[in-house]
Amino acid sequence: KMDVPYCIVKGKARLGQLVHKKTATAVAFTNIKNEDKNEFAKLIEAIKANFNDRYEENRRHWGGGIMGIKHQHAEDQHRKAIAKEEA
């Protein structure tokens with residue numbers, strides 16, 4: 001919505017390495033040194049391409065239309081009962 005680049009990192013320890021601590025839960029960059037701006041721009045570009053622009057793809061989709069084995073058997077019995085009534 002506000003086009004803020006974000007990235008999900010696997011594990012708090014990986015973020016901790018970034019700030020030279022044991023673990024970190026979140027990191028926000030406020031000031032960037034001039035010598036690091038080029039590298040930071042590349043990082044932001046990669047983050048936007050992999051997370052922000054692919055939001056709909058990465059969203060979790062529930063289900064998949066595959067019913068459990070018990071429900072499949074119950075459904076089969078229901079269909080057979082309906083077919084028997086019609087016949």
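Qualifying salt bridge (charged side-chain N to carboxylate O under 4.0 Å, His left out) partners for Lys12, counting only residues two or more places apart in sequence or in other chains: none.
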Listed pairs under 3.5 Å, donor-acceptor, residues 20-41 side chains, sequence neighbours left out:
none

Give the table of side-chain donor-acceptor pairs shorter than 3.5 Å for residues 69-87, with sequence neighbours excluded, one pair per line with atom names and distance.
{"from": "Gln72", "atom 1": "NE2", "to": "Met67", "atom 2": "O", "distance (Å)": "3.0"}
{"from": "Asp76", "atom 1": "OD1", "to": "Arg79", "atom 2": "NH1", "distance (Å)": "3.4"}

